[in-house]
Structures are given as C-alpha cells and as structure tokens.
Amino acid sequence: MLNDIAEMGEPEKPQLQLINCANELAPADPSESNVGDDPNMKEEDCSYQKILDELTELAKMSKHLQVTNGGNEQAQPDPSVPDISSYPPMMQEVYQKSLCPGTRLNDEGELIDDPGVCHPRLNDKSEWVWIKHPTAPTPMSAFDDAMKCAVMLANGQSPASLNGIAFQPWQNAPKTLAEWVHVEGQAGIDEPPLVPKNGKQLAAGVVIEESDGRFWLVAPTNGFGGYKATFPKGRLEPGMGPQATAIKEAFEEAGLQVEITGLIGDFERTTTITRYYTARRVGGLPTQMGWESQAVMLVPESQLLKVLNHANDHKVIEILEELSGKG
C-alpha cells in the first residue's frame, strides 16, 4: 500500500448505530427515544427492544430475499415477504435497510449508496478506518451523461459497463511485488530515468481518461494530505518501475485496470518527485477501491480544476493541456 497514508485515528463512535460497518447490530443508548417524531407512533412501536425484535424476525426471513451480486443490481424482496405499509415510519426505514444494507432512498426515491460510518475494507494494520465526512453518492444515471460528475463508493452500486467496457473485478491482478514488476499494461515509450533529488522519494501517478472525455479521480479517505480529490499515485517500492507503480496505484486506489498510453512529466512535490502518465481504462471495478479512497469519481474535463482542490494537481493538468494542444 501507499507509504503516503498516515495512521488514521478512530473518532468517537455514535451512541445509536443500528447497522455498523460490518452490518451487525451495535449497542445503543436505551435512553434515546424518537417518540414525538411521528404523532401517530406509540411508545411501544419505537422502543429499542421492539426494533431488535423486528430485525431478528427480518434476519430469519433472509432466505426469502434476493441478495445483490456486487452492486450491479438492486436487491428485490421476494413476493412472499409481508407488506410493510402498515409499519410505523421508523420500522419501514429499518426494514428497507435490512433489504439493501449500505443504501438509502434519496429525495427522488432512487436507491443510492449510503457508506455508513467506516470503510468496508481494513487498513494495513487490519483496523477499521472511520470516515468522518462520507462522500455523497450519485445515481447510476450520472454515468450515462458525459457532462456530469459521477461517483461510486466502496462496495456500492456500479453500472454494468461504460463506453463498451464492462465493470468487472480484475480477477488476475498481481498479488506479489514480483508480479507487479512485470504487470501487463506497461508501454514501450521513450522516457528518461526517474532519479531522486533534494532528498525526496520517488513516486508515480496516472491520469486516466475515459473515452467520453471524463477523467477518473479518487477521494482520499478523510481528505488525507488536504486532498478532496486527486489522481491515483504512490511511492515506488524497491525494484518496481514508475509505470508498474502507476498501474498498481490505479488498481489499489480506484479499483481500475489500466494501460499506460503516454508520459506527462515529472513533478516535484512536498515530499516526492512524482512521474505522471496518461492511461486508459481496460477493466476493473471502482467499487473495489482500497481503504485509502472513500470514493472514486468520474469528472468532465471542464470541471477538473474545480474538483481537484490542490495546486499540485493543477500543475499536472496544465502540462497535460499543453501536450494535447489545449493549453
């Protein structure tokens, strides 16, 4: 994983948490009560014990439910499941959660991802990483419009494909350093050696352009380093070249399989000398992003400078535009 990522502390956990990051029941403060939110709700309808009892019954009925296959389809209840229209509003919401954990209905009634309170994947120390300010998801329809920003969350929903390329897990992705050194997707382009200077370490990153003109960005978990959004990048490991590193970071941070298409240049940053490449997506599934990213975004070129909040990334865009004749 990235050496750039610092240890993330665990903020105080909320007292009331019906469904936590492991989709298990969590303790709650019995003194909490939502009576009064609904004038027609009785005390016994919203008691904590009643909620637990209802969820227990829902768990027993799980054999009647159709589970999603990795986020590509929305779960639908079996017709044998009872009608819940007579349930109190609170219980209807709890029931909806039990059908599609990690989702909620937006104001338009569309089922969208709700990341909860922590990343679904453990960090390098096998610890949960708590997300302080979750990135807002977008409906899947946003991916069909090349003029819109679109967002995927870890273990969330994903379109089946985009621009003729399926969203599927990279099944044979390298698992060892030796495999990453020789990873497919590296290009035989003419590039100078990447050498350190001023005591800074070497790193590599990748600018991935979709065929519809949008670019893939990642939202570092908890805005690490002051980045709300950035390009996938990371430090070189011993024996690994910059192209292999760039491909590896695209996979670990964005869940994407990419092929290098060109060289942008070398950029001196705060602690690294980073070489950036251009690349295209050839596979992968963004919802499988690693713990360093709390979201993966697809952003139109016209909005890049607005979404990329750090000056370091603005320099990369400026050079890219010059190389493409747009600068």
Side-chain angles (χ1 to χ4, degrees), residues 1-6 124 170 173-210 215-221 224-227 229-284 286 288-293 296-297 299 304 308 310-324:
M1 282 295 178
L2 300 179
N3 294 320
D4 293 339
I5 304 298
D124 294 338
W170 186 1
K175 294 179 174 59
T176 66
L177 178 60
E179 291 176 341
W180 277 114
V181 169
H182 303 289
V183 65
E184 59 184 320
Q186 300 184 67
I189 57 179
D190 184 20
E191 56 180 318
L194 180 60
V195 296
K197 64 178 180 179
N198 299 329
K200 298 183 177 182
Q201 297 186 5
L202 301 180
V206 62
V207 177
I208 310 164
E209 184 174 4
E210 193 68 23
F215 290 80
W216 290 98
L217 306 179
V218 296
T221 300
F224 179 79
Y227 289 88
T230 189
F231 300 111
K233 60 183 178 295
R235 301 186 187 189
L236 271 63
E237 297 183 48
M240 185 178 295
Q243 286 196 39
T245 298
I247 295 172
K248 180 173 182 283
E249 297 305 319
F251 175 64
E252 292 182 345
E253 295 187 1
L256 296 175
Q257 180 183 4
V258 303
E259 288 183 350
I260 301 296
T261 58
L263 173 66
I264 299 177
D266 299 340
F267 299 81
E268 185 169 356
R269 305 169 76 94
T270 307
T271 60
T272 66
I273 304 297
T274 303
R275 173 164 293 181
Y276 279 94
Y277 298 93
T278 56
R280 63 172 173 265
R281 176 179 66 91
V282 296
Q288 293 193 333
M289 68 192 79
W291 68 272
E292 299 117 322
S293 302
V296 175
M297 299 175 284
V299 180
L304 276 179
L308 294 167
H310 206 290
N312 286 340
D313 290 327
H314 289 192
K315 294 178 183 178
V316 177
I317 294 299
E318 290 172 4
I319 298 301
L320 181 61
E321 290 180 343
E322 291 178 7
L323 293 174
S324 62

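Excluded from the calculations below are hydrogen atoms, water molecules and symmetry mates; all remaining heavy atoms, backbone and side chain alike, are included.
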Chemist: Suppose we screen for side chain to side chain contact (heavy atoms under 4.5 Å, CB included). Which residues come up paired with S293, at least two apart in sequence or across chains?
Modeler: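 For S293, the residues satisfying side chain to side chain contact (heavy atoms under 4.5 Å, CB included) (neighbours in sequence not counted) are V218, E253, M289.
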Chemist: Taking all heavy atoms of V206 and all of I260, pick out the closest pair and write down the distance.
Modeler: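 Smallest heavy-atom distance, with atoms named: CG2-CD1, 4.5 Å.
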Chemist: Looking at residues at least two apart in the chain, or sitting in another chain, which of them share a side-chain hydrogen bond (donor to acceptor under 3.5 Å, both in side chains) with E179?
Modeler: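 So E179 forms no side-chain hydrogen bond (donor to acceptor under 3.5 Å, both in side chains) with any residue.
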Chemist: Taking all heavy atoms of P242 and all of A204, pick out the closest pair and write down the distance.
Modeler: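 Result for this residue pair: O-CB, 3.2 Å.
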Chemist: Partners of K315 by salt bridge (charged side-chain N to carboxylate O under 4.0 Å, His left out), sequence neighbours excluded?
Modeler: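 Checked K315 against salt bridge (charged side-chain N to carboxylate O under 4.0 Å, His left out); zero matches.
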Chemist: Report yes if some heavy atom in the side chain of F267 is under 4.5 Å from a heavy atom in the side chain of I319; otherwise report no.
Modeler: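 Counting from C-beta outward, F267 and I319 do come under 4.5 Å.
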Chemist: Considering residues at least two apart in sequence or located in another chain, which fulfil the ring pair (Phe, Tyr, Trp, His ring centres under 6.0 Å) criterion with Y227?
Modeler: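 Y227: ring pair (Phe, Tyr, Trp, His ring centres under 6.0 Å) contacts with H310.
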Chemist: Name all pairs fulfilling the salt bridge (Lys or Arg N to Asp or Glu O under 4.0 Å) condition that reach into residues 199-209, sequence neighbours left out, sorted by first residue then second.
Modeler: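 Listed by first then second residue: K200-E268.
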Chemist: Measure across L323 and L263 and return the closest heavy-atom pair with its distance rounded to 0.1 Å.
Modeler: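 In this case the closest contact between L323 and L263 is CD1-O, 3.8 Å.
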Chemist: If the condition is salt bridge (charged side-chain N to carboxylate O under 4.0 Å, His left out), which residues does K175 pass it with, not counting sequence neighbours?
Modeler: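 Salt bridge (charged side-chain N to carboxylate O under 4.0 Å, His left out) list for K175, sorted by chain: empty.
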Chemist: Suppose the criterion is side chain to side chain donor-acceptor pair (under 3.5 Å): which pairs have a residue in residues 182-192, not counting sequence neighbours?
Modeler: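 For residues 182-192: E191-Q243, E191-R275, E191-Y277.
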Chemist: Can you name the closest pair of heavy atoms from V258 and A250 and give their distance?
Modeler: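 Residues V258 and A250, closest heavy atoms: CG2-CB, 4.0 Å.
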Chemist: Taking side-chain hydrogen bond (donor to acceptor under 3.5 Å, both in side chains) as the test, write out the residues that go with T230, two or more places apart.
Modeler: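 side-chain hydrogen bond (donor to acceptor under 3.5 Å, both in side chains) check on T230 returns K233, D313.
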